[in-house]
2 protein chains.
Amino acid sequence: MPSALKRLLIGRPLKTAQLAEERLDKKIALAVFSSDALSSVAYATEEILYVLVLAGTAAFSFALPVAAAIVVLLIFVVISFGQTIRAYPSGGGAYIVAKDNLGNIPGLVAGAALLVDYTLTVAVSISAGIAAITSAFPHLYPDRVLLAVAAIALIAVANLRGVRASGSILAAPAYIFICSLAAVIGVGIYKLVTHSLEPALPAAPLAASEAITVFLVLRAFAAGCTALTGVEAISNGVQAFKKPEAHNARVTLYAMGAILGSLFIGVTVLARHLQIVPVAGETVVSQIARAIFDHGFFYYLVQAATAIILILAANTSFAGFPRLASFMARDRYLPVQLINQGDRLVYSNGIILLASFSALLVIGFSGDTHRLMPLYAIGVFLGFTLSQFGMVKKWLTDKEPAWLANVLISAIGGTATALVLLVITVSKFDHGAWVILLILPLLVGMSLAIKKHYDNLRTKLTLSQELEVPVPTERVVILFVGDIHKGTVAAARYAKSLHPHLIKAIHVSFDEQDAADIREKWDRWGMDIPLIITPSPYRRVTDNLLHYIREIEHQRPQAAITVILPEYICPHWWQLLLHNQTAAWIKHELLREHVAVVSVPIQLV
Amino acid sequence: MPSALKRLLIGRPLKTAQLAEERLDKKIALAVFSSDALSSVAYATEEILYVLVLAGTAAFSFALPVAAAIVVLLIFVVISFGQTIRAYPSGGGAYIVAKDNLGNIPGLVAGAALLVDYTLTVAVSISAGIAAITSAFPHLYPDRVLLAVAAIALIAVANLRGVRASGSILAAPAYIFICSLAAVIGVGIYKLVTHSLEPALPAAPLAASEAITVFLVLRAFAAGCTALTGVEAISNGVQAFKKPEAHNARVTLYAMGAILGSLFIGVTVLARHLQIVPVAGETVVSQIARAIFDHGFFYYLVQAATAIILILAANTSFAGFPRLASFMARDRYLPVQLINQGDRLVYSNGIILLASFSALLVIGFSGDTHRLMPLYAIGVFLGFTLSQFGMVKKWLTDKEPAWLANVLISAIGGTATALVLLVITVSKFDHGAWVILLILPLLVGMSLAIKKHYDNLRTKLTLSQELEVPVPTERVVILFVGDIHKGTVAAARYAKSLHPHLIKAIHVSFDEQDAADIREKWDRWGMDIPLIITPSPYRRVTDNLLHYIREIEHQRPQAAITVILPEYICPHWWQLLLHNQTAAWIKHELLREHVAVVSVPIQLV
């Protein structure tokens, strides 16, 4: 990327010492880490009603108990993550907890599941947000994929600029969403209590297509559990908080849990008392807001805030994915580049990777939210479950004060999320959930292969007591001659400056005319370095070169062999396209064969 | 590309000495170089009728005179190219003729025009051929772009395998097309003469929407001139013929001209006497064949051969484009990589470039032939015109025997093609021809910039009498230390083996903890090489390194400075993704600053 453009998009580089300043206070962290979790309020109640409606409107009486059960589950999960943050103040969430307490494979499963889910969160939230916009402006519909990819790019750039900047950008819409939805609930309940709001005229009672069974209620519960997606983001991001990190993260987590639970229950209560039936074309939240405010300014504010927070929910993943990836890379389960912090002290490579994968998902699924949904949530609940059973193991092992209460909370939470996971997997398996069950083992296998490579490296490279380091006694220099010009002469000059014990120039010739030309020029400009010309009928330069090097190695085992390659260095990148990349190719091949290669720049400027 | 896959697709490498064997005999060359020209018989008559029909069926009486005029034009063009081949036995066509006789800019215009037209030929022919197939099998229609791209890839692979193989693949369908169309014409004329074939019942006379004007007849003439596209291919490809190249090429050219002219006139005569009116949904050739053979086997053979030759017409460009590009690259107007001959002694880079550009065109225009047509043919006639005026200039300059006749042929041909060019440009300008008038100057400008780069290079690098080559008297070695492990020690060992006058190790540190760690390890493993640790608050390794090098250069102007970089060499390509590319980046930056860099491979296998 040309550096001027990079500066414009990303901003000036920051000093490493500035790292501590780039932390989030609680108010901004709530916005950064909670958009995903909070945005689910926009659809969780609706998801419950969509399942219950299969058994007719009579089944709607189960909506509130199901929502209450989900809030109880939420409380357990939030408390459990609060304990996790205390036990793991350096952050890490499900991956670290599962790895530390249950072992590497469960840790990798949790890590892979969360990485997949972060990517899906971006694709799903952006698609849903753009769908909300294109519903309002239908003429934008044909460009929805382009708009979604542009939105992903925008969020990626905001994140590459660094956490504080992205926090400020995102704080306002998140709070507008919270306040406007709180106003809907507050005004709605006030009007209900004062009897100034009448339920919508009940439509003809819907015919039931299924009986009210325990499984149906469980499915409604599982569908509503989308409300919990994103709750784990804070425990992964403890290190982004201002000091004291663990304390601030815990307070923010509880605040988020309280807001999420209240909004969710509030929406469900209103939906129940206003006797709202889910319909295609208008969301449940929109129906509620319309019943309370009619089509006034406030109705449109709620709708706009919902659309924006859905898009910003993707931002949660842009905070979470790069951090989790960096943890896994630190353990050598992912490429180490994911640990690098860019100019603005963020994990740039993780951000770019997430943006690329989610953009590909959006393009591949043509921005269709409903085709992505079945893949979604499995990862989250797999992570929850492994994390909570990890905590059970930890409490049982450490036996700290109040360990029994802790074990109970984590065990109940873990069992509940495991059950939810089972229900989601079974009910969504045919609709694409099997893809996730295929991808996860592949990711885990890849992580193990990566780990093996790094471990192998460490074994091979670790310095040990017995290392003997004989310095070679002879210097052999081989000068590779392609064409003969000033660059070749400069390389010959450099070769001579090394004062080698043996010096040879070598030219690989494709035909006899060329061989004669080179010989003639070398006699004049070769600085008395002996030239070997070797013919190559199949035009394979490296083969001849290597063959000759092997011969010398055989003759002089005590020698350090250096191959000198003149290399074109062009002032402009496009000029690189105008040259054969022979030098780069030869160098690559020689290094693979453990020969030291000197690149002598041919000066063109 | 993994080499096993490459071997499978492309075949074993061939020796340079095998080049002469890979030539074409006349019969195969006719198929290889003529598919483009011959396939235009499938639509040229139709194009004429489509213009004339604007003035009502009465105007159809102009069809035969117009076709005859085009055949006269064809004769002049073919004779002119025949002379060109004699004058330029090494091949080169319009580009070389225009450049040699009219100057560099006309040559570049002709070259750029032909390159653009070759690319369009591939896109248009493949799209049209696939459209013929998807008309027969409508369920393939949604995959037409995929099919077109696959067809391009297939032809590219056939060409990458080498000319003889591709000739054999293509000869059969080309001859089937020629024979089946000749049979249609022969049987048709026999039946007409014996009065056993009645004209189709004339439909109600079509109302004229335009008057019969000179301009309309000229437009019909211009539209029919698509029959001439591809005629120049042989003169570009003389070098692909068996010896004597020029003679064989000329004979093949005349044979092609005779076949093309006969088929074109034959189709037009039949269309006229069968009173065929062009309609959407069925081609004129199909109507003729149906009138003669009804829906019998022979009708389907004609249709299938037409579809296949349209696709194979693209192959003409795969012979022409890489050759023309190599000529222009030899003159340094295009990147020199286009001169390289691959394993199978073909211009692999040109083939790959043409396949990529034409595939992009097909994808960009969604395989829609009609949106590409207006861009087409301008390039061909621009090339014809420049080439023929170039020959006029040459005959006038050389004054060989019979020069006056030659001048007349070339001048008349050139004037005619110039007129056609004018008519095509004016009548198609609004429909996209302006794009070509925009692209050509850009291509010419790019070629001039490339030429300037190479000229600049040559000026800078050419060795002259006065060159003084002082060999530096001092060796300074700077060892870059990232982390300390066996690889670092191996690099230190190599550094010592150079017996430098000054040796320093340098480590760029991002924080103090790291600095202390490295210092401690170096004290133990550093082989007494002095270590400099320099802090970099903005994590910019190269800046620190360069700063230090500049300092040494200043202190010791007589020294040759070598920077030693340990570099990871992994046995598998994917493992490269697991390492920071710091070494490659540092090397790139240092070479730009004219510092010699040694890569010492860290042995991992």
Side-chain angles (χ1 to χ4, degrees), chain A residues 13-17 335-337 340-341 343 450 453-454 456-457 460-463 467 469-473 475 484-487 489 492-494 496-499 510-511 521 525 527 537-539 560 562 567 569 575 577-580 587 591-592 594-604, chain B residues 13-17 335-337 340-341 343 450 453-454 456-457 460-463 467 469-473 475 484-487 489 492-494 496-499 510-511 525 527 537-540 560 562 567 569 575 577-580 587 591-592 594-604:
Chain A
L14 298 174
K15 283 190 187 180
T16 314
V336 290
Q337 291 95 318
N340 298 358
Q341 295 196 311
D343 282 347
I450 290 173
H453 170 78
Y454 285 123
N456 183 27
L457 205 69
K460 292 236 171 84
L461 291 181
T462 299
L463 291 161
L467 191 70
V469 190
V471 173
T473 49
R475 288 188 296 285
I484 295 174
H485 46 57
K486 276 189 190 160
V489 173
R493 167 184 175 277
Y494 176 84
K496 285 215 148 189
S497 82
L498 293 178
H499 284 278
F510 295 167
D511 62 62
K521 283 193 196 165
W525 299 107
M527 299 176 75
Y538 290 102
R539 307 168 301 286
T562 302
E567 214 168 295
I569 304 302
Q575 294 167 336
L577 301 176
L578 303 182
H579 297 281
N580 283 310
K587 190 193 146 204
L591 287 176
R592 279 179 70 103
H594 313 313
V595 177
V597 179
V598 188
S599 303
V600 176
I602 300 176
Q603 305 204 7
L604 299 183
Chain B
L14 298 175
K15 282 192 187 179
T16 314
V336 289
Q337 290 94 317
N340 298 356
Q341 294 197 310
D343 281 347
I450 290 172
H453 170 78
Y454 286 123
N456 183 27
L457 205 70
K460 292 237 169 85
L461 291 181
T462 298
L463 289 161
L467 190 71
V469 191
V471 173
T473 50
R475 289 188 297 283
I484 296 173
H485 46 58
K486 276 188 189 159
V489 172
R493 166 183 175 277
Y494 176 84
K496 285 216 148 191
S497 82
L498 293 178
H499 284 279
F510 296 166
D511 63 61
W525 299 106
M527 300 175 74
Y538 290 103
R539 307 168 300 286
R540 300 238 171 280
T562 302
E567 213 168 294
I569 305 301
Q575 294 168 336
L577 301 175
L578 304 181
H579 297 281
N580 284 309
K587 189 195 146 202
L591 287 175
R592 278 179 71 102
H594 313 311
V595 177
V597 179
V598 188
S599 304
V600 176
I602 300 177
Q603 307 204 5
L604 299 183

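Below, chains carry the letters A, B, ... as their sequence lines are ordered, and counting in each starts from 1.
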Open item on the list: A/S599: which residues meet the side-chain hydrogen bond (donor to acceptor under 3.5 Å, both in side chains) condition with it, sequence neighbours left out?
Closed with: A/E567, B/K587

TODO: Specify which of A/V600, A/I484, A/V336 makes the most heavy-atom pairs with chain B at under 4.5 Å.
DONE: A/V336

Open item on the list: Can you tell me how far apart OG1 (A/T473) and NE2 (B/H499) are? Round to the nearest 0.5 Å.
Closed with: 8.0 Å

- [ ] Would you check, one step at a time, whether the test side chain to side chain contact (heavy atoms under 4.5 Å, CB included) holds for A/K460 with B/H485?
- [x] CA-CA 9 Å; A/K460 292 236 171 84; B/H485 46 58; over 6 Å; no

- [ ] Determine the option with the most heavy-atom pairs under 4.5 angstrom with chain A, choosing from B/L591, B/V598, B/V595.
- [x] B/L591

TODO: Check side-chain hydrogen bond (donor to acceptor under 3.5 Å, both in side chains) between B/Y494 and all other residues, then give those that pass, not counting sequence neighbours.
DONE: A/T562

Task: Expected output: side-chain B/R475 to main-chain A/S497 donor-acceptor under 3.5 Å - done: yes

